[in-house]
Each structure stands twice: as structure tokens, then as C-alpha cells.
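Note sheet for the following structure.
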Amino acid sequence: MVSTCIHSSYEFKSSYISPAPSLSFLPKRAGERFVFVSTLFVPDAILKERLDPETLESLGLIKQAHQFNQKIVKIKTKLFYKQQKFNLLREENEGYAKLITELGQDLSGNITSHVVLESIKSLIGCFNLDPNRVLDIILEVYECRSDQDEFFLPLIKSYMCEPLTLCHILGFKFKFNQEPNEETPTSLYHIAAALLHHNLIELEDLYVHLMPLDASIVEEHKREITEAKQIARKLTMVVVPSEKMEDKEREKEKEEEKNDKPPDNQKLGLLEALLRIGDWHHAQSIMDQMPAFYATSHKAIALALCQLLHLTVEPLYRRSGVPKGAKGCVMRPLRNKRAPRPAESFEDLRRDVFSMLCYLGPHLSHDPILFAKIVRLGKGFMKEVQDTLLSCFLSIADQVLLPSLSLMECNACMSEELWGLFKLFPYQHRYRLYGQWKNETYTITLLQNVKPSGRQIGKLSHSNPTILFDYILSQIQWYDNLIGPVVDSLKYLTSLNYDVMAYCIIEALANPEKEKMKHDDTTISSWLQSLASLCGAVFRKYPIELAGLLQYVTNTLKAGKSFDLLILKEVVQKMAGIEITDEMTSEQMEAMTGGEQLKAEGGYFGQIRNTKKSSQRLKDALLDHELALPLCLLMAQQRNGVVFLEGGEKHLKLVGKLYDQCHDTLVQFGGFLASNLSTEDYIKRVPSIDILCNQFHTPHDAAFFLSRPMYGHQILSKYDELKKAEKGNRQQQKVHKYVAACELVMSPVHEAVVSLHPPRVWDDLRPQFYATFWSLTMYDLAVPHNAYDREVKKLQVQVKAIEENPDVPMNKKKKEKERCTALQDKLQEEEKKQLEHVQRVLHRLKLEKDNWLLAKSTKNETITKFLQLCLFPRCIFSAIDAVYCARFVELVHQQKAPNFCTLLCYDRVFSDIIYTVASCTENESRRYGRFLCCMLETVTRWHSDRAVYEKECGNYPGFLTIFRATGFDGGNKADQLDYENFRHVVHKWHYKLTKASVHCLETGEYTHIRNILIVLTKILPCYPKVLNLGQALECRVHKICLEEKEKRPDLYALAMGYSGQLKGRKVHMVPENEFHHKEQPVRSTTTASQLNGPGTTAKPATNASKTEEGACEDADRSKDKSQGAAKPVNKANSTAAKVTTSNGNAIKERDDKEKSGKEKKEKKEKTPGSTPETKGESRREKQRDERGAAGKEERAPREGKEKTPKADRDKQKAEEKSSKEDNKAKAGNGEPKELSRERDTGAKESKSKEKGGDQSKEKGGDRSSVSGSLKSPVPRSESAESERDHKRRKLSPCFFPFRRSVPNCCVFHRPSRSPRRVLIHTGKPRLASPS
């Protein structure tokens, strides 16, 4: 324009310039001449554009430079700054009025946007209307009539030609509403969304006109999160009242500051409008520009997105989600064809629904109806089982459903609805979801104070169960007295809450930051015990799935950890009512030998009723997840793992507790499976005994424990089959059928057990006997009639009390009476059934007994194998097994089983208990003590009455005094142990028990002392019976009390408890002469030396060819019989005489005697086995020789002491006088005179005993009677011991003939390979002071 003006001015002036100027007009300066010359070649227009006005004026191209400048300014002002006035001058208001009228008319007729557009064009042309202003008016009218999208959108699309112009006009409208306290109308958001949806404008063009800026939105989001964290932090702080007031004032100030309402967030308004019309594409683009869940955290947007989701899932929900009987409200679809397509199948959910739900996130909580629809769609999907979408639904549950449940106000219905979906998932998926819900979804702690109110806990748990249970469990771990109230208050929880609680419990148990041992490393932590108790109570009372907890315990066992077995123990105890304890009373133990009903009524401390449903749930969980057998096998294997793998660095006390816990849980769990699984389920899951032992490496005792119920089930099933096959009601026929059923079932077992032990074992024990012992139980051996009668009487008393109670309503009285009557009938029927069963079993055993024991080697070897492989492993397995072992020994004796020496069996049990006691755990000590108590009960019954002894033992092969390998002559009375000798033997056993007990008490070892105190407490009803033995025990236990009071309180408590009970039993103790007669009765033609000679130490009968059979045929022994009455006595005299020498000389002489005795033994063993003279001996003398060969045991330490001659006793008296001064000195130190005097006497007697034993080896070593070997150390006659010594022995409160730390003469039985017996002498036989 400027150049145009310059050109025109130039043309105006050029008319006055001469076309051919003269040279006189040329400028004088060179520059001016150059410019002037250039005018001749450059057009004037170019010069006027390029040159300044002054130059142009000098060239004569313009008239005046000043005027030319003014003219340029005017032209620029007119072009750029001066508005054209044609609208004001030419527009007419009537045109705008007609335009508004045209747009606002009724559009229901045949009026279309095309017709209206033509009218608008006419109005613009007629009234000279501004087209942009017309477009603005169209948008204003559209804003007022926003429901007329179908009319205005085509109109705008046809009218406008450039989208940017429309975007500027909309942006101006939005900007007008961005002032404070201004509110952008919803209609404006709607038309903007509609224009975006129909692509009339671009989102990028409009987005820049909207406020606030994205940076401001991010800052606001961060500020809200910071404030939320501060609020959460305040919840954990204890705020004093003054600070609370200050905080309240600050909050008021903040609220006042917020009174100035900020401008609307136009981006969120546009987003809501887009969602309302179904434009998900543009809405998603806007949400992507904002922080996660920022947009949906506004309720209006969340509801708009929920509404869009409703419309999208409606067809699929109607087809697959609506539950039966429900109608629901039908949703009208959007008229917008560009909205997301409704889902017709589950695969269509991938298209838009899943992404919408992910953007919605936890804010689905605003629409519980949509929440329920999504959950029901999930349930419908799980029925069709499409694996491709399972991960999608799990993600939706993780990111949307569970977080939304947390934000809902307590809605139990939604919780139950969600559980309907979750229960279709495996527990592994559920627990993963719970873990992410608890540990990732929550970023702040929302709950810190929980009142133990059931309803309040229920309300809180509906929405936030993970946080609630986490807090509750943390409190229970500190305060176990909350378990009861908490369990009762959980009754308002939903099924989902119970499942979440199971997860929270497992998570708390598996917390790696928690130590499962206390700081002393000897006991399990209290928090683990509290959680275990909670598990048992909660899982029993409420229908919580057990699979996760059981799998957790299984996994810990696989990892070699046994701490968590405490949980399984509590769960089985509470849910099944099976209690494992070794502290049972005699009445409870008797009830445990009966049927299941009797066990439930009288066998447990607390009668846990109504366990049918809970035990069924536990059984179903074990069977459904195949965990029954793996748990049993893992526990059986873990017992040794506790000792050898897990317990390497742990305290011995803790290792013992873990072993006991593992073992007790195995017994409890196996009992549960045996009583709750059907026969088919049990047999199907438990493999044969050889597979259990050889393939799974299950210990034999545990393997038979698991197989035992299977054998019982199979025998009964086969018995029923045989009864049905052959109908016969006679009792004899039934018994034969039962025996046949046993043979069919147990024959494969007999073959299977052969592989469990080396072949040499079966030389003495038949597999049939081995399997019979391990397959029977106390239920098979005896009927506890007293227990049945006792429980029936209790029920009768209950019925009578109910009838006499006037406060009980009649209907309740009736129910209780019916229940008690029904229990009585069940108990009586059970007793009758057990009686018939026991009769059948006893008949079976009577038929089998002749084939039980082969005894190819010796009876001693047979008893050794029986003890090693049968009796000892089982007697410490459980309390009821301890009773069973004792009763089984008595039963085998009563059955008169060939080759079973009852006397030798009892002797081996009572003789050496030190090593057994020392190797037991605490609970095993209780069981072992119970076993010894039952054995002692039988012995005490025989000892107490001659008639009972003669009836039950008099003519039984178990009491033969000839230890032959095979065969017996039961009719020969002389071969039987008579009653008085049996009483001596019982005294010897009591003496042995005392000796072992004092040794254990004086070792100072924790395990020895604890175990022997437990054993002594258990056998207290039967031991001690002799006064001096009881006094000796009392002194040692009193010493333990003094020593351990400050060091080891648990030992002090055990010792004090036993000491008090022992004092209470003193009135039942008798002097030694009343317990057994001191004068040994003389048997028919047997010499005194053969019956009661000096201590001749014989070799144990371990090798039949060398010891017993060879001894019977030895020629030298027949020659020595005539000298047997004199030589031992002489040797004893010489030995007693040497006792008075110094200790060093005595030891030297004793060693020489032992050496010479060994040489003579070796020489004698090399002599031929038989001569013509020995063949002429009578059978009677051969039996005596055999008894002498087998009866060497314990004779040297006993009879050597008692056979001191009178001359030697006089010398001993002289020594006692000389030792009185020493005794006085000892008494001055607090030691009783009698005790010190008795020590000296014991020392001398022990020396005479040792040397007498050595000398007897030389001459009478291979010949003595069994009565001598089993008798207690009593004198042959009154002349054998002075009256003074006898009185002292009776009156001394602490008499005991061996040292404090180690016994004088510890007899160690070698294994069966060696026929020798070693006497280990340990220094001076002195007693320590009881203090």
C-alpha cells in the first residue's frame, strides 16, 4: 500500500519535470552526480521505494519531504489503526433480530438446517451482517438450545469454512468465564464437546484456550497428596489439647481462604461433557494429560464415566450377568452413533470396557450398581472359563474392584457380591490380590484406633479389611487375652472379609522380620503362639477356607522349618476336637482305650462339642488339595530333621520342644485322618508299609502309625464280606471268619515287613509277630468297662440334675434329656461292639502265638530284638502306645507264647534305664515313665499276693529259669521261679531303678535331671515301695532343689513337685524285710552255693552254640559241681580279707585276679564240649548248669557284698571304730554320721563284691542258677550280716551303696556279638553329702 501511494505521488510530480534536462543542472558532488545519473536508468517508482524523502526532494522526484512524510503517516494510520465504519454505518439491527428469530423457531416441523442456512445467507446480504458475528450468534442460540444437536451441528458445519475461526470464537467464550467467581455454563461445555465429537474443531486448538494450565493441575495434585499425608500423620500422633486448638484455628483459616472460589477447571468440565455424549476417544486424550486418577477423583466425572460404562456393558450384562429372578432397570442406549459400541460378548470387553475401568480405578465406588454389574460379569466369565481374559479380570479386580471397595461406605452386600467372584479363583490368585490390596493400594494408613466392638469392626471391615485386620493381628500378637473377644466380635464379617483375614494371618506368620524364638533361644515366641491360638479359634468358628493356611504349613515343612506346626496343631485341636497331651489322668487314659464316643466324652480335658461341621471342612480342604498324606510324611521326616538338620545351632531345650511339637502334631493329625476319612479315602491315599519306609524314608513307628487304621478298616471290611457270603450266626463261625479276614489282609503285610530289617532279625522274630505287634492297639486288647460305666453314670446324673432344675425351660429340658439318653445308648452299644471285637482278636492271637518267636539263637537275643524293634520305639510314640506296650507284654505272657521269657523281658526293661532316659525328649520321658508305671503295676500285682502270682505266673513258660533257645517243659515245677525268689527279683529291680535315678540326678546335665524327675513322677504310684530306697531318692531330690533354685527354675519346680509327692507316698513305703523275706528259702536238692553263692559273673546268653548249649555239654562243669558249695565261699572269704588292705594294694590284687580269671576263662572255652562223664549226668543237673550259665547276671555285685564271712566282719568292725573319728569330722561339716559311716561300709562291701566276683569267675564262672542272677542283694541267713549292720541298713535315711557321680559297678550289656559282660569299677565307693 505504501509503495502504491509512493507511485501515485511520483506520477503526480513527474508531470512537472522536463524530459531532457541540461548538464548545468548536474550536481557538483560525486555522490549526487551518481544518484542523478542513476535516475536516468532506474525507474522513478523504484527510487521512491528505496530512497529517503530528502534525497527524493533533492532529485526533484517529490516536491517537499515534510509533506511526503505526513502523507505516509496518514496512509499507514488509515490502513492499520483506523477501523472501517461500514458495519455501524451500513448494518441494521433488524437483521440480527430476524437472525435470532430464524434460529429460535420451532424446529419440529420440516425445517432443516439447509433451509435455515439459506435464510441466514439472505439476511447477511440484505442487512450487511458480519459473518463472524452471525456465527457467534448461532453458537449462542445453540448454547441455549443444546438439545438440538441434530439441527445445529449440520448448520454450523455447512456455514463455517475454517475450523480455526470457530475455535477462536469458542476460546473467547471460555476466556470470558475464567475470571474469579465466574462459572462456565454447562451448555458451553456441551457444544464444545459436540463440535469436538463431530470433528468440527480440533482438540489441540481448543485445549490451549482452556484453564488452568497443565502445570497448575500437577501442582494441585501434589499439594492434595501432601495434605492427605499430613492428615494421616496426625492420626498417629498424640496431640496435646493446646496443639489441637491451634490445628483447629489453622483449619478455619484455610477454610476462610477457600471462600474465594477459584475459577472452574474448564478442562474437567469439557471432559465431563465429552463423557456424557460418549466421546471416549477425546475424553481419554484429555485424561492422559493429567495425573493418574486426578480426573476421576471428581465425582461428576466418575459418575459420567460410570454412566458410559453402564451403556457399554448393558447387552452383555443382560445376557450373562443378571442373576435369576432379578429384573433390573433397562438402560437406554446413546443416540450418538459415534459412542463406544456396546459389548455383546466377553471378548468385546477388551475394546473399551477394560480401559475405561482402568481409568476409573478406585472411583468405581461412586456407583455400587456398576460395581455389582462388573462383578457379576466376572462370575459369568468364570463359568465360561476363557483363559485369554482371566488375566484381564484379575487386573480389574486388583486395580478397580478391591480399591473401590475400600472407598465405599460400609456395604456388606458389595463385599458378599465380590466374594461370589473371588471364591471362583484359586486361593493363590486371591492371596496375591489381597497382598497387592494391602501393601500397594494403600499408600497411607487410614486406621489406627479400633474399638473391640463387633458391629464397628464389621462396618470397618466391609470396606477396609486389610488395614483393620493388620491392626487387630498386631494387637493380638502383643496381648493374647484379646483373642476371645476378637473372635466373638468377628461374627459380623462378610465372606470376603473372612478370606482376607486368612490371608492377613498367613502374611503375619510369614513375616521375615519377626523372630520365631524368644531372645533366650530356648522357647517359641509368644506372638507365634498367640497367632496359632487365634487360627484355631477363628477357623473353627467361621467358614474360612483352609487351603492357604495348610499349604503354608506344608511349604514351611518342605523348607525344613517346624515352628509353624504349632498352627496345624491348634487348628486340628479346635476344629476336630482332638487333643494331644501327655498329662492325662488314669481315667482319661482308660477312656482313650475305648471307642470314638468314649474318647470324646471322657478322654479329653475340655469337651469340644459341635465339631462335626468344622472337622468336615478341614477334611474337605485336605482332600481337595491333596495335602493329607504329604503333611503326614513331611512331619514324620521332619522329626529327625529337627535334630540333625534344623537343630544344629539351636539350644538343646528348644530342639527337644520342636521335636515334641512335630511328633505330637503328627500323632494328632494322623488320629484326625483315621477318625474322619472314609475307608476308601484312607486306603487310596496311604501306600503300603514297605513303600512308606523304603521309598518315602518314613520312620517305622510313624509308618505303622499311619498304616494301622488302614489295616483295621480292611480287616473289618473283609470280615463283613465273609459274613455276607456265608450266613451263619454262631459265634464260633464269626470268629473263624474274622481270623480268615485277618489272614487275607495281613499276609501281604507280613511279606512287606521283611524288607524293613536285615534277614538275621527274622531268625528270632517272625514277621507275623512283628506285624501283629505294630498293627494292634489298646482298643483290640481290652474293653475299658469302668470307663464306660463311669461315663454312663455321669450322663444319668446330668439327666437327674436337668429334671430337678426348675429354671430350665421345658423344651430345653427335653432336648438335653434326649441328648443324654442318646449318648448313653451310643456308649452302651459301643461297649458291646468293642467287647465282641476284643474276643475275636484274642482268639486270633491264641491261634497265632505258637508261630510268633523262633528263637534260633537265644531267648536273650530274642528279647533284645523285641525290645529294640518293637517295645522301645512304640512305648515313647504316644501315651496310649506306652500303655499298649506294657499290656502287650502281659498279654504275650498270658498267652504262654513259646520262647518268650517274661522274666528276662521285665529284667531288661528295669535294669538299665539311664541311657533310655537320657536320650528322651520331655514328652517322650512322660510316655516312657507311663510305660514303666504300667510295667511296674503288673509286677506289683504279682508281688503283692502269692495266690495271684501262682495263678498268673506259676506255671507259665515266661517264668522258666532255664534260658533255652527253644522248647520248654512247663510241667516241671522246679524250673519255675518261685514266689519268694520273684520278690527278691522285684527288689533287685527297684534297686536298679534307684541306682539309675540317682545317677541321672547327680550328673548335673539338664536333660538327665529333667527326664528322670518326669519318669519318677510318672512311676510314683508303684515306685519306690522300699523305705530306704525312697529315702535315698529323697536326699538326692532335696539336693537338686537346693542347687537349682537360682540356676534352673524349671528343674527346681520339677524337683519340688516330685519331692512333695514323694513325701506324701512315704506312708505307703515298707521296710526292706517286709518287701521281701531276708531268709532265702532252700530249694529241694540245690546247694546253697548254687542258689545264693558269691557273686559269680556269668556271660549273657548271646550265642547259643558257645554259651548255653555248650555250657550244657561242658565236661568240666560236671566236675566242678561237687566243688560248687565250697570254692566260691573260700574265694569270697579271701576277697573279704583283702578288703582291709590299702586301696592301692587292693586294686593291684584285684587287677591280678581279673587277669588270671580271664586266662582261665579263655582256656576253659577251648576245652571240648562233651565227655563220657557228662553224658552220664542226669537231666536235672543239665538244667541247673543251663540256669547257671544264663543266670550270671548281676550276681557278683550282689552276693559278693552279702557273703562276707564272720571273721572278715570282725575286721571290718575294727576298721569302723577307727573311722569314727573321720565320721565326726564329716559330721562337723554338716554330713550325717550315719551317712558317712554307711559310705565306708559301702566302700568295703563293694571291694569284697568286686573281688568275690573275680574269684567266682575262676571257678564257678559258668555255673549258676537264674534265681541267683535275678535276686536282689539279700543275705542267705541272719548270720551272714551282723545285727548292727542290719539295723543301720534299716535306719539310715541316706543309705545307698554307690558313689555320687558314677555308680560303683555300672553293668554295661555288650551287643549280641560278644558273649562277655564287662564290669567297670570306678574308684572308691563313697556317698556324697546330701547337702
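Quick caveat: nothing in here was measured; it's all calculated off a predicted structure.
Using a 4.0 Å cut-off between charged nitrogen and carboxylate oxygen, Lys379 and Glu417 count as a salt-bridge pair. Using a 4.0 Å cut-off between a side-chain N of Lys or Arg and a carboxylate O of Asp or Glu, Lys173 and Glu140 qualify as a salt bridge. Glu219 has no carboxylate O lying under 4.0 Å from a charged side-chain N of Arg223, or vice versa, which leaves the two without a salt bridge. With salt bridges taken as basic N to acidic carboxylate O contacts below 4.0 Å, one links Lys267 and Asp214.
Side chain of Gln399 to backbone of Leu357: no donor-acceptor contact under 3.5 angstrom is found. For the pair Glu143 (side chain) and Ser187 (backbone), a donor-acceptor distance under 3.5 Å is absent. Formation of a donor-acceptor pair under 3.5 Å by the Asn411 side chain with backbone atoms of Met414 is found in this model. In this structure, the side chain of Gln266 engages the main chain of Phe174 through a donor-acceptor pair within 3.5 Å. Listed for the His221 side chain is no donor-acceptor partner under 3.5 Å among the backbone atoms of Pro291.
Once rounded to the nearest 0.5 Å, the distance linking OG of Ser345 with CZ of Arg351 reads 8.0 Å. Here OG1 of Thr312 is found 11.0 Å from CG of Asp348. Values are rounded to the nearest 0.5 Å. Separating the CD1 atom in Ile374 from the CG atom in Leu349 is a distance of 7.5 Å, to the nearest 0.5 Å.
Remark: of the listed residues Phe346, Phe393, Phe381, Phe393 is the sole one forming a ring-ring contact (aromatic ring centres under 6.0 Å, His included) with Phe354. Paired with Tyr503 under the rule ring-ring contact (aromatic ring centres under 6.0 Å, His included), one option of Trp437, Phe469, Tyr431, Tyr552 passes, and it is Tyr431.
Here Tyr498 pairs with Tyr542 under the ring-ring contact (aromatic ring centres under 6.0 Å, His included) rule; sequence neighbours left out. His298 is linked by a ring-ring contact (aromatic ring centres under 6.0 Å, His included) to Tyr294, counting only residues two or more places apart in sequence or in another chain.
By the neighbour-count criterion of 12 heavy atoms within 6.0 Å, atom NZ of Lys514 is densely surrounded, having more than that number from other residues, nucleotides or ligands. Within a 6.0 Å radius of CZ in Arg318, other residues, nucleotides and ligands contribute more than 12 heavy atoms. The environment of CD in Gln289 is crowded: more than 12 heavy-atom neighbours from other residues, nucleotides or ligands sit within 6.0 Å. Crowding of Leu164 atom CG: a count of heavy atoms from other residues, nucleotides or ligands under 6.0 Å exceeding 12.
For the pair Phe176 and Thr184, the minimum side-chain heavy-atom distance is 4.5 Å or more. Within the 4.5 Å cutoff, side-chain heavy atoms of Leu155 are placed close to those of Leu103.
When every heavy atom of Ser404 is checked against every heavy atom of Gly361, the shortest pair comes out as OG-O, 3.2 Å.
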Check your understanding: What do the steps show when you test Glu220 against Asn265 for side-chain hydrogen bond (donor to acceptor under 3.5 Å, both in side chains), and what is the final call?
Key -> CA-CA 12 Å; Glu220 180 187 358; Asn265 191 323; 5.0 Å; no
**Study point:** Residues Gln551, Asn555; criterion side-chain hydrogen bond (donor to acceptor under 3.5 Å, both in side chains); working and verdict
**Key:** CA-CA 6 Å; Gln551 187 64 56; Asn555 293 342; 3.0 Å; yes
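Residues in residues 394-425 take part in these ring pair (Phe, Tyr, Trp, His ring centres under 6.0 Å) pairs, two or more places apart or across chains: Phe422-Phe425.
A donor-acceptor pair shorter than 3.5 Å cannot be found between the side chains of Asn497 and Tyr492.
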